[in-house]
Amino acid sequence: MAIETVGLVGGGQMGAGIAELAAKAGCKVIVREISAEAVEGAQKRLEGSFGKALSREKIDQAGHDAALANLNYTTDLADLADCDLVVEAVVESPELKHEIFKALDEICTKPDVIFASNTSSIPIASIAVSTTRPENVVGLHFFNPAPVMKLVEVIPSILTSDSVVDTVRTFAADRLGKEPVIAPDRSGFIVNYLLVPYLVQAIRLLGDGHATKEDIDNGMMMGCGHPMGPLALSDMIGLDTIHHVAVAMFEEYKEQIYAPPPLLSRMVEGGLLGRKTGRGIYDYSS
Ligand code: CAA
């Protein structure tokens, strides 16, 4: 099955990044956000990132203009009715995801439409059962920043059909230019299963007063060659997302290493979510 029309539910950091990839690949893309203000935010995010790609010569002017022309925005989920692939990229709330997949199942008319979730941690089978077509539901997990990071995790649930897995794997590799890996349907999949305990431990080290943020980040950048330290990376991903993922993983495995440390919980409660709010572990306001 050819994927030509792609719907994005959510135009935040990840949704916009995935929309950028699909628009660049020549797909018609429809980005759905919840309000006119949120649509405007998604559009600004996409135009900003395309502008950066243009200025860094990652795309030429004709490619830039064609990709922007492929982008459509809406606040109405019903506008996703004719999509071949819908990627959900909203916050890590199981209830919200259930609601969205149930609605998409009712709205999307093509029998072989693929419903994908960009969830960072929620098992795909638990989302798939909100639809009457669980064989069409798959995990498609991109990494932040999506236009730049090479990897995509393809997560088949116990209910996903082999043809859906083949279709999305081929689409990710051949159209989006990504390196797909097949990841298991368990909380955190491959990458977050390894990454999130590391990020959470870094926040624990800071919160318990054992080291400064600069020393923790420099330690991992200079000692291990990481492009960013764990605390700067947590701010980039969003502390709310890290918290949601840690909670989901703790729920799944019941191991202390995944439990969100008090500092992370307090910062999320206080609305200090990282770069997107101007303040997280670091201050981005100036
Ligand atoms: N399209 C194409 N290329 C783009 C682009 C766009 N829209 N925007 C930027 N780029 C390119 C730049 O041109 C640059 O390319 P070159 O190296 O060839 O010049 C490259 O991307 C890096 O961009 P910047 O120069 O703006 O930024 P940087 O050098 O400071 O790197 C970074 C920023 C890519 C974020 C880097 O610090 C990095 O790799 N950090 C680690 C990110 C990471 O670990 N992400 C995974 C998070 S985990 C996750 O997402 C999963 C989850 O579920 C929580």
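Heavy atoms only: backbone and side chains are in, while hydrogens, waters and symmetry mates are out. Counting starts at 1 for both ligands and their atoms, in listed order.
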Applying a strict 4.0 Å limit to heavy atoms, is T241 in contact with ligand 1?
no
Could you check whether K276 pairs with D240 (Lys NZ or Arg NE/NH1/NH2 to Asp/Glu carboxylate O, under 4.0 Å)?
yes
Within 45 degrees of the axis of the six-membered ring of Y193 and under 6.0 Å from its centre: does R186 put its NZ or CZ there?
yes
Does atom CD of Q201 have more than 12 heavy-atom neighbours from other groups under 6.0 Å away?
yes
Using a 4.0 Å cutoff against the non-hydrogen atoms of M228, which atoms of ligand 1 qualify?
37 (O), 40 (N), 41 (C)
Would you confirm whether any non-hydrogen atom of the protein falls under 4.0 Å from atom 44 (O) of ligand 1?
yes
Protein heavy atom under 4.0 Å of atom 30 (O) of ligand 1:
no
What protein heavy atom lies closest to atom 51 (C) of ligand 1? Include the residue and the distance to one decimal.
F143 CD2, 3.3 Å
State, yes or no, whether a side-chain contact exists between K97 and E88 at a heavy-atom distance under 4.5 Å.
yes
List ligand 1 atoms under 4.0 Å from S49, heavy atoms only on the residue side.
7 (N)
Yes or no, since that's all I need: does a protein heavy atom fall within a distance strictly under 4.0 Å of atom 33 (C) of ligand 1?
no
What's the verdict on salt bridge (charged side-chain N to carboxylate O under 4.0 Å, His left out) for R45 and E20, showing C-alpha distance, side-chain angles and the deciding distance?
CA-CA 10 Å; R45 217 165 275 127; E20 177 174 338; over 6 Å; no
Ligand 1 to P147, heavy atom cutoff 4.0 Å, flagged ligand atoms 1 (N), 6 (C), 7 (N)
Which of the listed options, I242, I59, L195, holds the heavy atom that is closest to atom 48 (S) of ligand 1?
L195
the protein heavy atom lying closest to atom 36 (C) of ligand 1 turns out to be P227 CB, 4.1 Å
Would N192 count as a polar contact of ligand 1, with the cut-off being nitrogen or oxygen pairs under 3.5 Å?
yes
Cut-off 3.5 Å, side chains only: do S120 and H244 have a donor facing an acceptor?
no
When only distance counts, is K24 in polar contact with ligand 1, meaning an N/O pair under 3.5 Å?
no
Are there more than 12 heavy atoms of other residues, nucleotides or ligands under 6.0 Å from atom CG of D283?
yes
Please indicate whether L96 has more than 12 foreign heavy atoms, meaning atoms of other residues, nucleotides or ligands, lying under 6.0 Å from its CG.
yes
May I ask you to list the atoms of ligand 1 that are less than 4.0 angstrom from any heavy atom of N144?
42 (C), 43 (C), 45 (N), 46 (C), 47 (C), 49 (C), 50 (O)
With heavy-atom distances below 4.0 Å as the criterion, list the atoms of ligand 1 near S120.
52 (C), 53 (O)
Which residue and non-hydrogen atom of the protein lie closest to atom 54 (C) of ligand 1, and at what distance in Å?
I237 CG2, 3.6 Å
Is the count of non-hydrogen atoms from other residues, nucleotides or ligands lying under 6.0 Å from K110 atom NZ greater than 12?
yes
In terms of ring plane angle, is the pair H64 and F50 parallel, tilted or perpendicular, where the classes change at 30° and 60°?
perpendicular
If you measure from the Lys or Arg side-chain nitrogens to the Asp or Glu carboxylate oxygens, is any gap between E47 and K44 under 4.0 Å?
no
So, S187 side chain and S121 main chain: donor-acceptor pair closer than 3.5 Å or not?
yes
The option among H244, H141, K58 carrying the non-hydrogen atom nearest to atom 15 (O) of ligand 1 is K58
Are there protein heavy-atom neighbours of atom 22 (C) of ligand 1 below 4.0 Å?
no
V148 contact mode with ligand 1 (heavy-atom cut-off under 4.0 Å)
side chain
Nearest non-hydrogen atom to atom 6 (C) of ligand 1 belongs to which of E20, K52, R56?
E20
Would K213 pass as a cation-pi partner of Y282, given that its NZ or CZ must be under 6.0 Å from the six-membered ring centre and within 45 degrees of the axis?
yes
Is ligand 1 under 4.0 Å from a heavy atom in the side chain of V196, in the backbone, in both, or in neither?
neither
Look up atom 17 (O) of ligand 1 and tell me if a protein heavy atom lies less than 4.0 Å from it?
no
Are more than 12 heavy atoms from other residues, nucleotides or ligands located less than 6.0 Å from atom CG of L194?
yes
Classify the contact between S121 and ligand 1 as side chain, backbone, both or neither, using a heavy-atom distance cut-off of under 4.0 Å.
neither
Ligand 1 atoms in contact with A53 (distance to a heavy atom under 4.0 Å)
1 (N), 6 (C), 7 (N)
